[in-house]
Amino acid sequence: MTIRTDDSVLQLALAKGWLSSEQAESARATVEAGSGEGARERKLADLLVAKRLLTPRQVAALLAEELGLATVDLRAVDVPGELCRLVPRTLAERHRLVPFARNGRTLQIAVSDPFDVAGIDDLRHLLGLDIGLCVAPAEEIAETIDRIYKDGAGPDGTGPEPGPDTAGIPEPIIAVDDEVPVIKLVHEIILGAIERRASDIHLEPLADRFRVRYRVDGVLQETENPPKQLRPAIISRVKLMANISIAEKRVPQDGRIQFPLGGRSLDLRVASLPTVHGESVVMRLLDQDSLRPGLAELGLQADDRAAVERLILQPDGLVLVTGPTGSGKTTTLYSCLQHLNKPDRKIITVEDPIEYQLSGVNQVPVRHDTGMTFGSALRAMLRQSPNTVMVGEIRDRETAELALNASLTGHMVFSTLHTNDATSATVRLADIGVKPFLLSASLRAVLAQRLVRKICPKCRQPYTPSAANRALLNLSPAQAAAAAFVRGAGCPDCAGTGYRGRTGIFELFVVDEEIRQMIHARPSAARLRERARALGLRTLREDGICKAIAGLTTIEEVVSITVGDAS
């Protein structure tokens, strides 16, 4: 367009006698600093309405006339119920649009901002229909959304409220070739994951099929795969539920889904990743109601649990939890916080992302787009005078030194680190530039951990491990004589795996005065570990052996999780 749209709108208003020349010039000067496609027009429209120079309907009429569109009076339109089920309420509210008529493959929608091309593209991609635009005031659109979705659809605009037999499954609202209920299929995939106690759902496009897998007790299990041609519709539905753009397929995106489940809400963290065959999507299930962290439930042995309880009650210092991704570090930290969460104690965390919300705890999310990094958040948190601080992860020297300095100034600090064992944490921190004297003065303990699958209680049966496995674990004669090894035979309750649920195995490294002096002198990792073993450190493998002997897990599971830790 050779003439700026904002100038054209002002000229139209002048021609109609709705504005004076002075009012038009004042409005033009006010929005002159606006930039970006559509930004000037929206600023202009908002300004004209805010100053009561024009009514919302007059602004809608000007925008429509300039763009060659029609206006619609939504208060006089009876929106068919099937259109409410066709367009989810979340999308309608996000982009301020209302579907009000359909003619064959063309869906007529009213928008308050015709420059919101992303919203229109989202709807076009989602439904596979042509979109016809009309303009209506934002207030009318908001009122109409409240009216039609309250009367004709469920709380998320996906159909009637679920009854007791549907368990939150909405009626199908998206169809491929007008036959396949993709929305119902997506909900069935999520419900299947819940039924299997899965922690993750993986939607993976492959060259010849569209694969769906559940991660159950840390192990991926393939389920029935949907038809390959449904992949775009399924991925679009998940992205829409997660409030991320379905039009953008070139960059990774993250979002969250609040999934209704029997009167409560299940939180799903969604991550999309472009691959050579399409977008791969992972949904992580975060059940707020199932998280009841307590030190007693972690799987710590009695002596380790007593030591941890004593350590976290100290007024200051740094306690680290180490292990690979998915080893339960966050759950352990939450358990420690819940143990300390009393009315007389202020607790602040900084996390990326916040996985579970803890009542009574101040949780701060990392937001790199606004400059809220671990370091900047930690600096701000210390000005809040907390007793206890949790830093989700130490990734660099800045965060490490801030955490250590905080522990020296009267705060108990918890954090995580990626190391293979407990004693390696000191070497890792030294490698990223932490000064030995600072580390030796601050560090109280390091807890390394892994998760092992527990034997299914309904199909457990005694067995005799192979001589090779017994030799691999280096069992003492007393341990071998006292052991009553069991394993799961496989049953419907454990889906034939022989395992159900997981527990932790741990390695607790407590820093005493002798260890503190060694850290200050920067010993090698091997020498530090040797001395810790001499002082009574129980390794991950040894803790796993104890749990296998007690009948909680199997030797095979311990060997697979603690490979390379036979010392």
Side-chain angles (χ1 to χ4, degrees), residues 293-301 303-323 327-342 345-351 358 361 363 374 378 381-382 386-395 399-430 432 434 436 438-450 504-513 515-516 518-519 528 532 535-538 540 543:
L295 292 175
E297 288 77 33
L298 292 179
L300 288 160
Q301 296 200 45
D303 55 344
D304 282 348
R305 178 184 167 189
V308 169
E309 290 179 348
R310 183 177 65 255
L311 286 163
I312 65 177
L313 287 172
Q314 294 186 25
D316 55 32
L318 174 66
V319 173
L320 294 173
V321 180
T322 73
S327 59
K329 301 187 297 296
T330 300
T331 299
T332 297
L333 287 178
Y334 282 171
S335 300
C336 294
L337 295 183
Q338 287 290 70
H339 189 78
L340 297 172
N341 192 9
K342 303 292 189 297
R345 184 179 293 268
K346 180 161 185 172
I347 302 174
I348 307 181
T349 74
V350 53
E351 305 171 59
L358 301 177
V361 176
Q363 295 173 270
F374 278 113
L378 186 52
M381 287 160 54
L382 296 179
N387 302 101
T388 304
V389 171
M390 187 191 95
V391 181
E393 182 182 349
I394 291 179
R395 300 175 179 173
T399 306
E401 291 187 341
L402 284 169
L404 290 167
N405 282 314
S407 70
L408 290 174
T409 55
H411 306 89
M412 172 53 71
V413 180
F414 298 97
S415 190
T416 68
L417 198 64
H418 287 279
T419 61
N420 290 328
D421 54 53
T423 52
S424 296
T426 60
V427 179
R428 167 67 179 148
L429 289 172
I432 65 176
V434 175
L438 188 61
L439 181 59
S440 63
S442 307
L443 188 63
R444 298 287 181 262
V446 183
L447 183 69
Q449 68 178 74
R450 300 290 189 278
I505 58 174
F506 301 91
E507 177 180 293
L508 180 60
F509 173 46
V510 178
V511 178
D512 61 10
E513 187 57 38
I515 295 295
R516 186 170 289 110
M518 291 185 68
I519 293 173
L528 185 62
L535 293 174
L537 174 74
R538 182 168 53 237
L540 287 165
D543 194 43

Kindly compute the distance separating NE2 (His411) from CG (Leu378), expressed to the nearest 0.5 Å.
9.0 Å

Under the side chain to side chain contact (heavy atoms under 4.5 Å, CB included) rule, what do Thr349 and Val389 come out as? Steps first, then yes or no, please.
CA-CA 6 Å; Thr349 74; Val389 171; over 6 Å; no

Applying side-chain contact (heavy atoms from CB on, under 4.5 Å) between Met390 and each of Val413, Leu333, Val361, Val319, report the one that passes.
Leu333

State, with a plain yes or no, whether a side-chain heavy atom of Ile432 is found less than 4.5 Å away from one of Val434.
yes

Closest non-hydrogen atom pair, Leu439 against Thr426:
CD2-O, 3.7 Å

Residues two or more places apart in sequence or in another chain: which of them pass side-chain contact (heavy atoms from CB on, under 4.5 Å) with Ala425?
Leu320, Thr322, Leu417, Thr419, Val446

Does a donor on one side chain sit under 3.5 Å from an acceptor on the other, for Thr332 and Gln449?
yes

Which pair of non-hydrogen atoms, one from Gly323 and one from Arg450, has the smallest distance, and what is that distance?
CA-NH1, 3.9 Å

Heavy atoms, side chains only, cut-off 4.5 Å: are Val510 and Asp512 in contact?
no

Check whether Arg516 reaches the backbone of Ser440 with its side chain - one donor and one acceptor, N or O, closer than 3.5 Å.
yes

Enter the distance from Leu404:CG to Leu429:CG here, rounded to the nearest 0.5 Å.
6.5 Å

Closest non-hydrogen atom pair, Ala448 against Leu540:
O-CD2, 3.7 Å

Closest heavy-atom pair, Ala441 versus Leu408, reported as atoms and distance to 0.1 Å, is O-CD2, 3.9 Å

Please enumerate all residues that pass side-chain contact (heavy atoms from CB on, under 4.5 Å) together with Asp304, with sequence neighbours excluded.
Leu300, Leu508, Arg538

Quick check for you: to the nearest 0.5 Å, what is the distance between Asp303 atom CG and Arg305 atom CZ?
12.0 Å

Within this structure, what is the NE2-CG distance for the pair His339 and Leu295, rounded to the nearest 0.5 Å?
5.5 Å

Of all the heavy-atom pairs spanning Asp421 and Glu507, show the shortest one and how long it is.
CB-OE2, 3.3 Å

I'd like to check the salt bridge (charged side-chain N to carboxylate O under 4.0 Å, His left out) partners of Glu393; sequence neighbours left out, ordered by chain and number.
Arg395

How many angstroms lie between CD in Glu309 and SG in Cys336, if you round to the nearest 0.5 Å?
9.5 Å

Does some side-chain heavy atom of Val350 sit less than 4.5 Å from a side-chain heavy atom of Met381?
yes

One should read off an interatomic distance between Leu318 CG and Ser442 OG, to the nearest 0.5 angstrom, of 7.0 Å

CG (Asn405) with more than 12 external heavy atoms under 6.0 Å
yes

Are Leu358 and Gln363 side-chain neighbours, meaning at least one heavy-atom pair lies under 4.5 Å?
yes

Does Leu340 have any side-chain contact (heavy atoms from CB on, under 4.5 Å) partners at least two apart in sequence or in another chain, and if so, which?
Ile312, Leu313, Arg345, Ile347, Thr388, Phe414

Any side-chain heavy-atom pair from Lys346 and Asn387 closer than 4.5 angstrom?
yes

Non-neighbouring partners of Arg310 that pass salt bridge (charged side-chain N to carboxylate O under 4.0 Å, His left out), sequence neighbours left out
none

Ser407 versus Asp316, closest heavy-atom pair with distance:
O-CB, 3.3 Å

Residues at least two apart in sequence or cross-chain that pass side-chain contact (heavy atoms from CB on, under 4.5 Å) with Ala532, listed by chain then number, are Thr423, Phe509, Leu537

